[in-house]
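Whatever order the structure lists ligands and atoms in, that order sets their numbers, starting from 1. Model, not experiment: these values are computed from the prediction.
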Amino acid sequence: MPVAIDKYQEIRTHLDACKVSLIAVSKTKPKEDIQELYALGQRDFGENYVQELVEKEAVLAKDIQWHFIGHLQSNKVKYIAPFIYLIHGVDSFKLLVEINKQATKNNRVISVLLQVHIAKEETKFGMDAEELNAALEGASSLSNIKIIGLMGMASFSDDPLVVQPEFTYLNGLFQTHGKRKTDNIDFAVLSMGMSGDYQLAIENGSNMVRIGSLLFGARNYNK
Ligand SMILES: *Cc1c(COP(=O)(O)O)cnc(C)c1O
């Protein structure tokens, strides 16, 4: 399926008007699709799989800002640490420590978002409110990371009565912990909303959305 250029322009115009960042989620899609949106000015792309991301980064334009939005295993942080722009799905303190270690090795400060579990489904990763609090408390010694906000994935449902309270809850945590400013905690980003729910997410405080299938078409995992 070709890249939905018209849809991209439409979404982009809308998001620019409300000052919301767009991450184009290109997982499983070929580099040609990324280049098509790059040519239109898109610079932020999101990927879920380390190996796929590393392969794409090696051959695509160096001014792309790569976002890791999947579940990141500690033993794979080293592969993306040299170049990653923002890691969205940090769901444990252990992972935060490893990112700090690899960032130090690379002489970088890596920006991260802590992922909060907001969906009903068991399968979605993320911290609960208590773990979030503990991670923020513990982060003060980690000088090569910068925690710039929160990320969450709502339930897979098109019922706003299910999804909306989840977004509201995450926005509440974002507001509360946003008051906590330290050398390496400075909240600016609330990453929530995907193809099916991004408008609702924005209405409920999101300022960064991660959109894949609306731009690149449905994904085929069987190729
Ligand atoms: C795949 C993915 C997206 C994009 O999903 P679409 O429904 O295709 O827009 C957004 N966020 C995360 C964390 C994802 O894994």
A.B. asks: According to the interplanar angle, ranging from 0 to 90°, do the rings of H71 and F125 count as parallel (below 30°), tilted (30 to 60°) or perpendicular (above 60°)?
C.D. replies: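 Taking F125 first and then H71, their aromatic rings lie parallel (interplane angle under 30°).
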A.B. asks: Look up atom OG in S206 and atom CD in Q199, then write down how far apart they are to the nearest 0.5 Å.
C.D. replies: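 Interatomic distance, S206 OG to Q199 CD, rounded to 0.5 Å: 11.5 Å.
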A.B. asks: Given side chains that start at C-beta, do those of L53 and I84 come closer than 4.5 Å, heavy atoms only?
C.D. replies: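 L53 vs I84: side chains touch.
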A.B. asks: If you compare all heavy atoms of Y198 against all heavy atoms of I11, which two are closest, and at what distance to 0.1 Å?
C.D. replies: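 Distance-wise, the nearest heavy atoms are OH-CG1, 3.7 Å.
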A.B. asks: Which donor-acceptor pairs under 3.5 Å do the side chains of residues 171-182 make with protein atoms, sequence neighbours left out?
C.D. replies:
{"unit_1": "N171", "atom_1": "OD1", "unit_2": "Q175", "atom_2": "NE2", "d": "3.0"}
{"unit_1": "N171", "atom_1": "ND2", "unit_2": "N204", "atom_2": "O", "d": "3.2"}
{"unit_1": "T176", "atom_1": "OG1", "unit_2": "G172", "atom_2": "O", "d": "2.8"}
{"unit_1": "H177", "atom_1": "ND1", "unit_2": "R180", "atom_2": "NH2", "d": "3.4"}
{"unit_1": "R180", "atom_1": "NH1", "unit_2": "E137", "atom_2": "OE2", "d": "3.1"}
{"unit_1": "R180", "atom_1": "NH2", "unit_2": "N133", "atom_2": "OD1", "d": "2.7"}
{"unit_1": "K181", "atom_1": "NZ", "unit_2": "G178", "atom_2": "O", "d": "3.2"}
{"unit_1": "K181", "atom_1": "NZ", "unit_2": "D186", "atom_2": "OD1", "d": "3.2"}
{"unit_1": "T182", "atom_1": "OG1", "unit_2": "N184", "atom_2": "N", "d": "3.3"}
{"unit_1": "T182", "atom_1": "OG1", "unit_2": "N184", "atom_2": "OD1", "d": "3.3"}
{"unit_1": "T182", "atom_1": "OG1", "unit_2": "I185", "atom_2": "N", "d": "3.0"}

A.B. asks: Ligand 1: which protein N/O atoms lie under 3.5 Å from its N/O atoms?
C.D. replies:
{"unit_1": "ligand 1", "atom_1": "8 (O)", "unit_2": "S213", "atom_2": "N", "d": "2.8"}
{"unit_1": "ligand 1", "atom_1": "8 (O)", "unit_2": "S213", "atom_2": "OG", "d": "2.7"}
{"unit_1": "ligand 1", "atom_1": "8 (O)", "unit_2": "R219", "atom_2": "NH1", "d": "2.8"}
{"unit_1": "ligand 1", "atom_1": "8 (O)", "unit_2": "R219", "atom_2": "NH2", "d": "3.1"}
{"unit_1": "ligand 1", "atom_1": "9 (O)", "unit_2": "S195", "atom_2": "N", "d": "3.0"}
{"unit_1": "ligand 1", "atom_1": "9 (O)", "unit_2": "S195", "atom_2": "OG", "d": "2.5"}
{"unit_1": "ligand 1", "atom_1": "9 (O)", "unit_2": "G212", "atom_2": "N", "d": "2.8"}
{"unit_1": "ligand 1", "atom_1": "11 (N)", "unit_2": "R210", "atom_2": "NE", "d": "2.8"}
{"unit_1": "ligand 1", "atom_1": "15 (O)", "unit_2": "K27", "atom_2": "NZ", "d": "2.7"}
{"unit_1": "ligand 1", "atom_1": "15 (O)", "unit_2": "N48", "atom_2": "ND2", "d": "2.8"}

A.B. asks: Any side-chain heavy atom of L22 sitting closer than 4.5 Å to one from D44?
C.D. replies: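 No. Closest side-chain heavy atoms not under 4.5 Å.
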